[in-house]
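Here the structure is laid out as structure tokens; the discussion comes afterwards.
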Amino acid sequence: MKIAIIHNREALSLKVADELKNLLQTSTHQMDQENPDLVISIGGDGTLLSAFHLYSHKLEHVRFLGVHTGHLGFYTDWRDYELKELVDSLCSQTDQTVSYPLLDVTIHYRNEKPTQHFLALNESTLRRNSQTLEADVYIKDELFEKFRGDGLSVATPTGSTAYNKSIGGAVLHPRINAMQLTEIASLNNRVFRTLGSPIVLSPTEWVVLELPDKKQAASYMITIDQFSMEHSEVEKIVYKIAEERIHFASYRHTHFWRRVRDSFIGEVEN
């Protein structure tokens, strides 16, 4: 098996990466950062997100596995002190994978500017810099609401426990092939009215956020997972569930609701 290791710059992660490389060199596997079969992320969830975007063009051939050295490892199944057990499992166990949905994001611009396309593992958000966001929200090309507020977030099920949760979105099991639209501080009064609740959309539905013509020169802040980009002359953004999926190596895959409990609740006494 060809293996790539991606790690953050924290001292513990650097130490763990060196230890893991030494253990892998004594196994039957080989290191390959360019064309790996398995990408091992060492750090926290942010490190795994970085690994995903680094290899997002190879999703059909690459699987991911996380080693936790940070404060919160929602995507990581292994701890930093379990490296020998991890390498042993790579050598001895039958390879299985579990796959989760991704978010497909297409940004359309005015004035014949080329569109941009992205994949998100967690979520994408749309905001205005220090101003109220105005956007017409379409579901399957039918106008659903005229939004006014701080912003809008569209999340995958795996991303439902990230920023989406902090703004009142629901937690979705990642095996549900869906995406979730959540409002960020919407304005609701006699003039403006929105649903005000998170919306879970099926695989056959898509969301279009159409931006008003009168604000062609407006600047918008669009995030794709941990990346923030400032855009102008944006006409609309189209969100849908991607055809691609992320595959995690399930040599030891933690039960999703156990992850949720351990991350947000802790130990529960009987």
Side-chain angles (χ1 to χ4, degrees), residues 3-17 20 36 38-56 58-59 62-83 86 97-105 118-125 153-176 178-180 182 184 222-229 241-242 244-266:
I3 298 176
I5 296 177
I6 303 297
H7 57 82
N8 60 31
R9 304 305 300 174
E10 297 293 329
L12 179 57
S13 297
L14 293 171
K15 178 176 178 290
V16 169
L20 182 57
L38 176 67
V39 175
I40 300 178
S41 164
I42 301 175
D45 289 342
T47 309
L48 193 139
L49 283 169
S50 297
F52 161 73
H53 284 282
L54 188 60
Y55 293 98
S56 62
K58 297 177 179 289
L59 293 178
V62 172
R63 291 156 298 129
F64 295 85
L65 184 151
V67 177
H68 171 44
T69 63
H71 297 292
L72 180 63
F74 206 85
Y75 286 115
T76 54
D77 291 311
W78 296 85
R79 292 302 307 270
D80 53 291
Y81 49 79
E82 298 178 306
L83 299 183
L86 168 58
T97 64
V98 57
S99 68
Y100 296 147
L102 300 170
L103 186 65
D104 183 291
V105 186
F118 304 92
L119 289 176
L121 175 56
N122 272 0
E123 78 276 312
S124 172
T125 66
S153 170
V154 184
T156 66
T158 48
S160 68
T161 56
Y163 180 64
N164 168 79
K165 180 178 178 297
S166 71
I167 57 175
V171 174
L172 301 182
H173 194 288
R175 287 192 181 276
I176 299 174
M179 63 181 177
Q180 183 172 180
T182 306
I184 307 171
I222 301 172
T223 68
I224 306 292
D225 289 333
Q226 75 272 44
F227 302 107
S228 298
M229 299 161 284
I241 299 170
E244 303 91 337
R245 295 174 68 88
I246 186 171
H247 298 270
F248 287 98
S250 58
Y251 296 101
R252 184 182 70 184
H253 198 67
T254 306
H255 188 280
F256 175 73
W257 295 115
R258 182 181 300 168
R259 289 177 190 265
V260 174
R261 184 197 65 194
D262 292 347
S263 297
F264 300 108
I265 301 172

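Quick note: residue numbers are just sequence positions, from 1.
- Listed by chain and number, the residues in a salt bridge (charged side-chain N to carboxylate O under 4.0 Å, His left out) with K58 amount to none (sequence neighbours excluded).
- Counting only heavy atoms from C-beta outward, the side chains of S41 and F64 never approach each other to under 4.5 Å.
- Looking at T182 and N164, their side chains do bring a donor and an acceptor atom within 3.5 Å of each other.
- Atom CG of residue L54 and atom CD1 of residue I6 lie 5.0 Å apart, to the nearest 0.5 angstrom.
- For T161, there are no side-chain hydrogen bond (donor to acceptor under 3.5 Å, both in side chains) partners at least two apart in sequence or on another chain.
- Applying side chain to side chain contact (heavy atoms under 4.5 Å, CB included) to W78 and the options V16, L65, I40, I42 leaves one that passes, L65.
- Separating the NE2 atom in H68 from the CG atom in L12 is a distance of 9.5 Å, to the nearest 0.5 Å.
- Side chain of N122 to main chain of D225: no donor-acceptor pair is present (N/O by atom type, distance under 3.5 Å, no hydrogens or angles).
- Taking every heavy atom of both residues into account, I224 and S124 meet most closely at CD1-OG, 3.6 Å.
- Between Q226 and G46, the shortest heavy-atom contact is NE2-O, 3.8 Å.
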task: Show the numbers, then the answer: is there a side chain to side chain contact (heavy atoms under 4.5 Å, CB included) between T223 and Y163?
output: CA-CA 11 Å; T223 68; Y163 180 64; over 6 Å; no
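- Put simply, OG1 on T125 and CD1 on I184 are 5.5 Å apart, with the number rounded to the nearest 0.5 Å.
- Contact annotation: the side chain of D77 approaches that of R259 to within less than 4.5 Å [non-hydrogen atoms, C-beta and beyond].
- Applying the ring pair (Phe, Tyr, Trp, His ring centres under 6.0 Å) rule to F227 yields the partners H53; only residues at least two apart in sequence or on another chain are considered.
- Using a 4.5 Å cut-off on side-chain heavy atoms (C-beta onward), Y75 and T158 make contact.
- When atom types are taken as modelled, the side chain of E10 and the backbone of G43 share no donor-acceptor pair closer than 3.5 angstrom.
- Between I246 and F52, the closest side-chain pair of non-hydrogen atoms falls below 4.5 Å.
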task: Kindly indicate, with the supporting measurements, whether the criterion side chain to side chain contact (heavy atoms under 4.5 Å, CB included) is fulfilled by F256 and V98.
output: CA-CA 12 Å; F256 175 73; V98 57; over 6 Å; no
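- A search for side-chain contact (heavy atoms from CB on, under 4.5 Å) contacts involving P101 returns P157, N177, I241, R245, not counting sequence neighbours.
- The backbone N or O of L172 sits less than 3.5 Å from a side-chain atom of S160, completing a donor-acceptor pair.
- Listed by chain and number, the residues in a side-chain contact (heavy atoms from CB on, under 4.5 Å) with A242 are L102, D104, L119, E244 (sequence neighbours excluded).
- Here H247 pairs with nothing under the ring pair (Phe, Tyr, Trp, His ring centres under 6.0 Å) rule; sequence neighbours left out.
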task: Verify side chain to side chain contact (heavy atoms under 4.5 Å, CB included) between S13 and T47, making sure each step is shown before the conclusion.
output: CA-CA 10 Å; S13 297; T47 309; over 6 Å; no
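- Rounding to the nearest 0.5 Å places CZ of R63 at 13.5 Å from OH of Y55.
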task: Might you work through the side chain to side chain contact (heavy atoms under 4.5 Å, CB included) test for F264 and V171, ending with a clear yes or no?
output: CA-CA 12 Å; F264 300 108; V171 174; 6.0 Å; no
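- If you take OG1 on T69 and CG on L14, they are separated by 9.0 Å, rounding to the nearest 0.5 Å.
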